[in-house]
Amino acid sequence: EVALPAVPNVVAAGKSGFPELPTVSAMLDQSTKTLSGISSRAQKLQQQMLEVQQENAARMQKQKAVFDRKLKEQEQKNMEQVKENAIIAKNIMKMKQENEELLKHAQTLEKGNSLRHGELRMLQDQLVAAQTFLKETLSQTDDSKATDLEVMKDQSKSAKALSFLAISELHETEINEVKETSEPEPAEPAEPENLLTMLANEVKMMKKQGQDSEAKLKSLFMEDFQAGVKRHNALLSQNKVLTETLEKMQSYHTRLEAADKHLQGTQSTLETRLHDGGLFMQKLSELTMAKPEAAVKALETLQKQK
């Protein structure tokens with residue numbers, strides 16, 4: 001017998017009996033699993049990125065809504081203050097016009113009263129002159145001590161008539177009333193490991209960007225809010241000045257009304273006094289021109305009217 005050497009079988013024989021290498025897909029099975037894992041992780045990272053983005057957007061949307069509401073409330077208050085200031089300014093202009101008209105009216109009254117007061121002074125001077133004339137006349141015509149009339153003392157005296165002294169007293173009363181009249185006061189392809197690292201870093205970056213965006217939104221809000229506060233303070237300062245101005249003009253208006261009322265009262269008094277004085281002078285003139293008997297009756301009528 002011849003001993004034959006052992007012959008090994010065909011390694012990795014295929015269906016044809018010939019050796020066959022593993023299929024490409026079998027060779028790449030591990031790589032495929034790795035790729036599948038990477039893809040799964042990438043999908044998870046992508047989903048995480050979407051969630052972070054959505055969370056950032058939702059959080060910022062809530063903050064923006066709150067900030068917008070506060071800014072709106074602030075500006076509404078400012079708009080109310082603007083309206084209030086506009087009303088006060090309108091009232092100031094109205095009060096200014098009323099004060100100008102009232103002042104003009106008071107000045108007209110004052111001028112007219114001054115003229116009437118001058119007329120009363122002239123009347124007073126005339127009455128003083130008349131009083132002086134009457135005193136001199138009474139003195140010159142006093143016959144109580146005339147020796148030539150002693151012969152008449154024994155005769156019965158006629159009914160006593162009012163003397164010119166009564167007229168003098170009447171003149172003095174009228175003059176005193178004239179003097180009592182007050183004057184006016186005036187966001188290349190790469191290796192899977194690098195891709196995952198990059199995606200992970202992107203997630204972190206997105207979180208940081210979200211935080212930065214929130215900080216920027218808050219900063220913008222604070223700037224706008226501070227501007228609103230400054231605007232409100234300016235409106236309050238404006239309101240204070242306008243209110244003080246209106247109060248001063250109202251106080252001035254009240255004083256003008258009092259002055260105008262006083263001048264109207266003075267005007268009424270002066271017109272009444274002038275009218276009465278004119279009537280008195282007219283009747284006095286008629287009296288001096290009448291006969292003695294008519295003069296006595298006229299004096300009695302004047303005394304009753306007094």
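Sequential numbering from 1 along the given sequence is applied to the chain's residues.
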> Rounded to the nearest 0.5 Å, how far does OG1 of T266 lie from CD of E271?
11.0 Å

> Looking at Y252 and L103, what are the two nearest heavy atoms and their distance?
OH-CD2, 3.8 Å

> If we only count heavy atoms from C-beta on, is the T132 to E136 side-chain gap below 4.5 Å?
yes

> Which heavy atom of L246 sits nearest to which heavy atom of M95, and what is that distance?
CD1-CB, 4.5 Å

> Which heavy atom in A106 sits nearest to a heavy atom in L263, and how many Å separate them?
O-CD1, 3.2 Å

> Between S219 and E223, is a side chain to side chain contact (heavy atoms under 4.5 Å, CB included) present by the stated rule, with each step listed?
CA-CA 6 Å; S219 176; E223 290 179 2; 4.0 Å; yes

> In Å and rounded to the nearest 0.5 Å, what is the CZ to CG distance from R116 to L109?
8.5 Å

> Calculate, to the nearest 0.5 Å, the distance between atoms OG1 and CG belonging to T269 and D276 respectively.
11.0 Å

> So, are K208 and D212 salt-bridged, with charged N and O less than 4.0 Å apart?
yes

> Kindly write out the residues that satisfy side chain to side chain contact (heavy atoms under 4.5 Å, CB included) with Q211, not counting sequence neighbours, or none if the list is empty.
none

> I'd like to know whether R231 forms a side chain to side chain contact (heavy atoms under 4.5 Å, CB included) with V82, so could you lay out the CA-CA distance, the side-chain angles of the two residues, the decisive distance to 0.1 Å, and finally the verdict.
CA-CA 10 Å; R231 170 176 163 81; V82 169; 3.8 Å; yes

> Test T245 against V241 for side chain to side chain contact (heavy atoms under 4.5 Å, CB included), laying out the working first.
CA-CA 6 Å; T245 302; V241 174; 4.1 Å; yes

> Kindly give the heavy-atom pair with the smallest separation between G210 and M60, and that separation in Å.
O-SD, 4.4 Å

> Closest heavy-atom contact between N113 and L270?
O-CD1, 3.4 Å

> Considering non-hydrogen atoms only, spot the tightest contact between N56 and K207 and give its length.
ND2-CA, 4.4 Å

> Atom NE2 in H232, atom OG in S237: separation rounded to 0.5 Å?
10.0 Å

> If you group Ile, Leu, Val, Met, Phe, Trp and Tyr by side-chain heavy-atom gaps below 4.5 Å, do M222 and L71 land in one group?
yes

> Show, in sequence, the C-alpha distance, side-chain angles and deciding distance for E257 and H253, and conclude whether the side chain to side chain donor-acceptor pair (under 3.5 Å) test is met.
CA-CA 6 Å; E257 285 182 333; H253 184 79; 3.0 Å; yes

> Going from OG on S213 to NZ on K218, what distance comes out if it is rounded to the nearest 0.5 angstrom?
15.0 Å

> The criterion is side-chain hydrogen bond (donor to acceptor under 3.5 Å, both in side chains); which residues satisfy it with Q238, sequence neighbours excluded?
N85

> Would F221 and Q63 count as a side chain to side chain contact (heavy atoms under 4.5 Å, CB included) if you check the C-alpha gap in whole Å, the side-chain angles of each, and the deciding distance to 0.1 Å?
CA-CA 10 Å; F221 164 73; Q63 289 181 351; over 6 Å; no

> Look up atom NZ in K94 and atom CE in M249, then write down how far apart they are to the nearest 0.5 Å.
12.5 Å

> Are E73 and R69 ion-paired here, with the side-chain N under 4.0 Å from a carboxylate O?
yes

> According to side-chain hydrogen bond (donor to acceptor under 3.5 Å, both in side chains), who are the partners of D260, at least two apart in sequence or on a separate chain?
H105, Q264

> Under 4.5 Å between side-chain heavy atoms, counting indirect links through other Ile/Leu/Val/Met/Phe/Trp/Tyr residues: same cluster for L50 and M205 or not?
no

